[in-house]
S.K.: 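Take a look at this one; I'll ask things after.
Residue numbering restarts at 1 for every chain, and letters A, B, ... go by the order of the sequence lines.
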There are 2 protein chains.
Amino acid sequence: MRPSPSLRQLRYFVAVAETGNFRRAAERCGVSQPSLSLQVAGLEEILGARLISRGRGKIAPTVVGREVLTRARRILDETNALVDLAADIATGLTGMVRLGTSPALGPYFLPGAVSALHRAHPDLKLYVREAPPRRLLQELERGEHDMILTQLPVAGADLQAVRLFREPLLLVVPVRHPLAKREAVREADLAGLSLLSMGPDYVLHEQVAALCANVGAHLEQAYEGTSLDALRTMTAMEMGICLLPALYVASEVARGPGDVRAVPFAGGRVARSVGLVTRRRGGNERAFQRLTEVFRDVARSRGADGLRAES
Amino acid sequence: MRPSPSLRQLRYFVAVAETGNFRRAAERCGVSQPSLSLQVAGLEEILGARLISRGRGKIAPTVVGREVLTRARRILDETNALVDLAADIATGLTGMVRLGTSPALGPYFLPGAVSALHRAHPDLKLYVREAPPRRLLQELERGEHDMILTQLPVAGADLQAVRLFREPLLLVVPVRHPLAKREAVREADLAGLSLLSMGPDYVLHEQVAALCANVGAHLEQAYEGTSLDALRTMTAMEMGICLLPALYVASEVARGPGDVRAVPFAGGRVARSVGLVTRRRGGNERAFQRLTEVFRDVARSRGADGLRAES
DNA sequence: AATTTCGATTGGAAATTCCTATCAAATGCG
DNA sequence: CGCATTTGATAGGAATTTCCAATCGAAATT
């Protein structure tokens with residue numbers, strides 16, 4: 001099994017082939033001529049072929065040498081490009097980021113966010129994958145995502161989270177429901193009512209459960225939504241009422257069949273926090289910063305939907 | 001100015017990224033885990049970016065790491081291919097050979113020879129350039145050709161020559177010349193006649209000059225041919241008679257306008273030697289051997305033209 | 001003939017890469 | 001829960017690689 005050539009050997013050989021002179025090649029490479037001579041000889045030994053035809057005043061690459069020269073140049077160029085590329089990616093301006101996101105969030109926020117990101121950093125690519133938030137966290141910890149967009153809070157000592165924005169939750173009731181006529185509701189108005197919720201894999205579930213316990217509403221356990229659309233449909237069928245995020249309401253209820261009504265809470269105090277999460281020491285800090293900045297900008301531009309961006 | 005990564009570092013990094021475990025990567029590379037760990041850390045230092053996100057049971061490439069991984073693999077593959085390629089070329093089975101040839105020889109021998117060479121070694125490419133034999137030799141010594149096809153003998157301590165074949169020279173006279181009716185001539189028949197020759201850049205010139213001196217013929221100095229065609233034309237115009245090589249005669253006289261006749265010498269003792277020449281220690285020995293073998297085979301197949309191949 | 005230039009060789013120094021041993025932290029198992 | 005195992009990093013010393021200056025022999029130049 002032959003040893004592999006080193007980049008150093010390739011560099012020295014290319015310099016000899018290009019200058020046609022060992023002494024000048026050595027100067028160019030910043031080493032002494034004997035060192036360079038020995039490295040080129042070592043390369044010839046490894047490859048089992050004479051690469052340079054030597055004679056006084058008659059230095060030239062051989063047949064083998066010329067082919068090796070072409071390839072060596074390519075390898076060296078690619079290595080230089082690798083160094084340049086790493087520097088670019090490390091600034092967070094290029095590369096591919098694997099973003100995990102919750103289906104209760106991603107589809108309603110990311111379309112605008114992705115195009116804004118592309119405008120700001122055209123060489124930064126996003127690979128987006130959805131999973132319920134509990135699974136998202138596990139996958140992040142396992143290295144399957146570089147970062148995730150999800151509702152806060154998240155638990156994990158090894159995780160780093162930043163808040164992007166607060167998003168109001170709206171009460172969604174059937175159109176014939178008594179609360180449908182209200183311009184706004186208060187938490188206390190939920191007392192004694194039956195609330196539908198997402199499954200326990202969602203932070204939203206916990207938030208709704210806590211609210212029910214707090215105001216004396218009933219959290220419906222027999223039926224759980226597997227998506228926000230499912231919740232909306234069950235509400236329209238008068239199986240209960242539910243809380244839906246503002247972005248979803250703006251996207252799917254405002255333009256829906258009109259069988260439900262979304263009523264905001266007075267003061268907008270019922271809201272969820274949405275953030276970006278990554279692993280500490282995950283090596284993606286720059287990209288994380290870039291996404292944070294862009295996503296906060298996007299949230300800022302969605303003030304009309306009730307989003308309150310973190311500054 | 002940053003140092004350049006080494007292939008060793010790239011290899012170790014790829015092994016970590018592929019195995020997802022430093023210990024197993026080290027085993028794969030045949031070094032101890034701390035050595036491997038330090039090299040990967042060194043690579044991260046050089047590139048200025050974290051390539052591997054480390055956590056217990058949570059090893060994964062970062063955004064940067066994934067791009068670097070793709071490129072590192074390519075660089076390593078190309079380096080392996082370089083080693084394989086050098087081995088192939090060194091066997092003389094592939095690569096490009098720069099062949100210099102005399103215009104008084106190449107056009108009449110090489111068409112058949114090149115196709116035979118291509119059949120025997122499809123990956124071996126020939127780059128053919130013509131120059132008068134004196135210039136050919138200088139260019140060979142200067143490394144502008146890898147080898148040359150030319151008439152022997154050649155002088156040069158740094159050169160290595162093999163004879164491919166002996167090629168008879170035929171007397172070419174105008175059709176109305178007294179010797180035109182002969183089936184064969186002897187050297188002594190040239191006594192007192194005026195012979196045309198190529199210029200002094202050609203070995204053929206020296207051979208004809210020596211023959212004239214030997215048999216008492218007159219070497220015409222006022223006119224010299226710049227090509228074999230020019231010699232034939234001057235002979236047709238009765239400016240003298242000349243000696244032309246058998247391959248040329250077979251190619252251009254037998255099928256020409258019939259204004260000259262080619263008469264062989266009895267016993268075929270007037271002949272030129274044709275050989276292949278390269279620089280000693282030029283590094284092209286294998287390719288040189290390959291061409292020698294193939295060209296001798298081709299010469300063997302041209303026995304009807306009077307060629308006597310070297311065995 | 002004397003001097004300069006070139007690539008190779010030699011001996012020793014410096015730098016790089018390696019090893020073993022060990023540590024600290026996390027995980028797995030009984 | 002306590003102990004054993006596993007993992008990647010750290011430290012000290014050894015081995016290997018790469019370097020340097022000096023020198024050599026041969027060729028080219030003056």
S.K.: Is there a side-chain contact between A/Pro5 and B/Thr79, using heavy atoms and a 4.5 Å cut-off?
M.R.: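 Yes, side chains in contact.
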S.K.: Over how many whole Å does the gap from B/Leu43 atom CG to C/dT16 atom P extend?
M.R.: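 In whole Å, C/dT16 P lies 15 Å from B/Leu43 CG.
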S.K.: Would you indicate which nucleotide in D/dG8, C/dC18, C/dT9 comes nearest to any side-chain atom of B/Val31?
M.R.: C/dC18
S.K.: Write down the distance between CZ (A/Arg24) and P (C/dC6), rounded to a whole number of angstrom.
M.R.: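 Atom-to-atom, A/Arg24 to C/dC6, this comes out as 7 Å.
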S.K.: Would you indicate which nucleotide in D/dT7, C/dT10, C/dT17 comes nearest to any side-chain atom of A/Pro34?
M.R.: C/dT10
S.K.: Kindly point out which of C/dA8, C/dC19, C/dC6 is positioned nearest to the side chain of B/Ser32?
M.R.: C/dC19
S.K.: Give the rounded distance in Å between these two atoms: CG of B/Leu10 and P of C/dT17.
M.R.: 12 Å
S.K.: What's the CD1-P distance between B/Ile52 and D/dG8, to the nearest Å?
M.R.: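 Interatomic distance, CD1 of B/Ile52 to P of D/dG8: 10 Å.
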S.K.: Any luck finding a side-chain donor-acceptor pair between B/Arg163 and B/Ser273 under 3.5 Å?
M.R.: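 Per modelled atom types, B/Arg163 and B/Ser273 side chains form a pair under 3.5 Å.
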S.K.: Taking the nucleotide of DNA chain C with the closest heavy atom to each, which residue, A/Gly20 or B/Tyr12, is nearer the 5' end?
M.R.: A/Gly20
S.K.: Closest to the B/Arg8 side chain: D/dA21, D/dC19, C/dT17?
M.R.: C/dT17
S.K.: Measure CD/B/Gln33 against P/D/dT10 and give the value in whole Å, please.
M.R.: 11 Å
S.K.: Would you kindly give the CG-to-P distance between A/Leu36 and C/dT9, to the nearest whole Å?
M.R.: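 Those two atoms, CG and P, are 14 Å apart.
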S.K.: Using the ring of each side chain (for Trp, its six-membered ring), is B/Phe165 parallel, tilted or perpendicular to B/Phe109, with breaks at 30° and 60°?
M.R.: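 Judged by the thresholds at 30° and 60°, the geometry between B/Phe165 and B/Phe109 is tilted.
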S.K.: What nucleotide, of C/dC18, C/dC19, D/dC19, holds the atom closest to the side chain of B/Gln39?
M.R.: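 Given the options C/dC18, C/dC19, D/dC19, the side chain of B/Gln39 is closest to C/dC18.
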S.K.: Considering only NZ, NE, NH1 and NH2 on the basic side and carboxylate oxygens on the acidic side, decide whether B/Arg98 and B/Glu139 come within less than 4.0 Å.
M.R.: no
S.K.: Choosing from D/dT10, C/dA8, D/dG8, which nucleotide comes nearest the side chain of B/Leu38?
M.R.: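 Selected nucleotide: D/dT10.
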S.K.: Of all the nucleotides listed (C/dT20, D/dT18, D/dG8), which has the minimum atom distance to the side chain of B/Ser37?
M.R.: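 Selected nucleotide: D/dG8.
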S.K.: Any salt bridge between B/Arg74 and B/Glu78, counting N to O under 4.0 Å?
M.R.: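 Result for this pair is no, no salt bridge flagged.
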S.K.: Let me spell it out: for each of B/Arg23 and B/Ser35, pick the nucleotide of DNA chain D with the closest heavy atom. Which residue's pick is nearer the 5' end?
M.R.: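 Mapping each residue to its closest nucleotide by heavy atoms, the 5'-most match is B/Arg23.
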S.K.: Quickly work out the A/Ile59 CD1 to D/dA26 P distance and round it to whole Å.
M.R.: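 One finds 17 Å between P of D/dA26 and CD1 of A/Ile59, rounded.
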S.K.: In whole angstrom, what separates A/Arg54's CZ from C/dT5's P?
M.R.: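 Going from CZ in A/Arg54 over to P in C/dT5 covers 22 Å.
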